[in-house]
Amino acid sequence: MKIMKSKHYLINTDMELLSTLFGQLKEEGITKFEQLIQKIKGLGLNDFNDLFKYLSGANCPENIAIISEDLLERLRMASFDRDDVLTSSNEVGMYLTNKLANRKQEELWAFYIDNSNHIIAEKCLFRGTLDKSVAHPREIFRWAVIYPCAGIFVVHNHPSGNLIPSQSDLELTKMLQKASEMMHVDFLDHFIIGKGRYLSMREHRLF
């Protein structure tokens, strides 16, 4: 059973949250710490950056991804000096610029928020050259259903630093806008990040 607290869906207690995580690991055949270490090595996870990329990536199983987002949110809430409410496109743009700094290839991320503009979850859904046939709205909005969110925004980077949207960028944005209307989930913005700068398609009235 889950309860709503500060617009977030959270498991009732910390112990219940950990028990759920341990239960899911057991289903994966991991009952000892040594087995967990072997699993991590097998996935090629060498540091926390690798771990976070895996948890937010498309290859992470849904049940592990969901419980991991719950766990990360609980850790965020335990830090009293953290402001995880994004109230303007400038705040979002700077947050994303820092997050996608120095990426060598294109990545598309989706961010899922609640009614209070808290980030419920963030997922790296695609890597490589992006176009509308690869970065399809169904994958983005599938996670919008899994994480019961009020709105989403997406971001992808241009390693070249050129912030001008391509025709594929514009077409994908229009597809996401149409899908959001059908799903009744607000599509808030599409950001492009490049070499320490960002472009907000919403601010530039590109959709």
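The figures that follow rest on heavy atoms only: side chains count, while hydrogens, waters and symmetry mates do not.
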- Task: With the side chain counted from C-beta on, respond yes when Phe207 and Leu170 share a heavy-atom pair under 4.5 Å apart, and no when they do not.
- Result: no
- Atom NE2 of His136 and atom CG of Leu176: how far apart are they, to the nearest 0.5 Å? 9.5 Å
- Does Phe153 have its ring centroid less than 6.0 Å away from the ring centroid of Tyr112? no
- What distance separates Met175 CE from Ser168 OG, expressed to the nearest 0.5 Å? 10.5 Å
- Item | Stepwise side-chain contact (heavy atoms from CB on, under 4.5 Å) test for Ile152 and Phe187 | CA-CA 5 Å; Ile152 69 168; Phe187 175 52; 4.1 Å; yes
- Query: Yes or no on side-chain contact (heavy atoms from CB on, under 4.5 Å) for Ile30 and Phe22, after CA distance, side-chain angles and deciding distance?
  - Reply: CA-CA 9 Å; Ile30 300 173; Phe22 294 151; over 6 Å; no
- Query: Do we see a donor-acceptor contact under 3.5 Å between the side chains of Gln35 and Thr31?
  - Reply: yes
- Query: How many angstroms lie between OG1 in Thr97 and CD1 in Ile192, if you round to the nearest 0.5 Å?
  - Reply: 12.0 Å
- Task: Write down the atom of Arg197, the atom of Gly161, and the distance for their closest heavy-atom approach.
- Result: NH2-O, 2.9 Å
- Would a hydrophobic clustering, with Ile, Leu, Val, Met, Phe, Trp and Tyr connected at side-chain separations under 4.5 Å, put Val145 with Tyr147? yes
- Note on the structure: Between His158 and Ile164 the two heavy atoms that sit nearest each other are CE1-O, 3.6 Å
- Message: Would you compute the distance between atom NZ of Lys39 and atom CG of Leu36 and round it to the nearest 0.5 angstrom?
- Response: 10.0 Å
- Query: What's the spacing between Trp143 CH2 and Cys149 SG if we round to 0.5 Å?
  - Reply: 12.5 Å
- Starting from the C-alpha separation in whole Å, work towards a yes-or-no answer on side-chain contact (heavy atoms from CB on, under 4.5 Å) for Leu100 and Trp109. CA-CA 9 Å; Leu100 272 69; Trp109 288 70; 4.1 Å; yes
- Item | Any side-chain heavy-atom pair of Tyr54 and Leu43 under 4.5 Å | yes
- Task: Please name the pair of heavy atoms, one in Ala150 and one in Asp114, separated by the smallest distance, quoted to 0.1 Å.
- Result: CB-C, 3.8 Å
- Message: Side chains of Phe111 and Leu188, heavy atoms from C-beta outward: is any pair under 4.5 Å?
- Response: no
- Task: Check the surroundings of atom CG in Asn59: do more than 12 heavy atoms from other residues, nucleotides or ligands lie under 6.0 Å from it?
- Result: no
- Under 3.5 Å, side chain of Asn157 to main-chain N/O of Gly194, donor-acceptor pair present? no
- Message: Quick one, Glu106 and Pro159 - any side-chain contact, counting heavy atoms below 4.5 Å?
- Response: yes
- Item | Smallest separation among heavy atoms of Lys123 and Gly57, with atom names | NZ-O, 3.2 Å
- Closest approach of Ala110 to Leu125 (non-hydrogen atoms, all atoms of both residues): CB-CD1, 3.9 Å
- With sequence neighbours left out, what residues match Glu203 under salt bridge (charged side-chain N to carboxylate O under 4.0 Å, His left out)? none
- Task: Check step by step if side-chain contact (heavy atoms from CB on, under 4.5 Å) holds for Ile64 and Gln24.
- Result: CA-CA 7 Å; Ile64 299 295; Gln24 291 179 354; 3.7 Å; yes
- Item | Value rounded to 0.5 Å, distance of NZ in Lys53 from CZ in Arg127 | 6.5 Å
- Of all heavy-atom pairs between Pro165 and Asp169, which one has the smallest distance, and what is that distance? CA-OD2, 3.6 Å
- Message: Using only atom types and a distance under 3.5 Å, with no angle test, would you say the side chain of Asp189 pairs donor to acceptor with the backbone of Arg202?
- Response: yes
- Do His190 and Leu206 touch side chain to side chain, with heavy atoms closer than 4.5 Å? no
- For the residue pair Val154 and Leu108, establish whether any side-chain heavy-atom pair is separated by less than 4.5 Å. yes
- Query: Would you say His156 and Ile193 make side-chain contact, with heavy atoms under 4.5 Å?
  - Reply: no
- Message: Can you confirm whether Ile146 sits close enough to Glu62 that some side-chain heavy atom of one is under 4.5 Å from a side-chain heavy atom of the other?
- Response: yes
- Within the side chain of Ser116, is there an N or O that forms a donor-acceptor pair under 3.5 Å with the backbone of His118? no
- Message: For Met94, is there any backbone N or O sitting under 3.5 Å from a side-chain donor or acceptor partner on Asn98?
- Response: yes
- Starting from the C-alpha separation in whole Å, work towards a yes-or-no answer on salt bridge (Lys or Arg N to Asp or Glu O under 4.0 Å) for Arg142 and Glu139. CA-CA 5 Å; Arg142 179 173 75 91; Glu139 181 68 11; 3.0 Å; yes
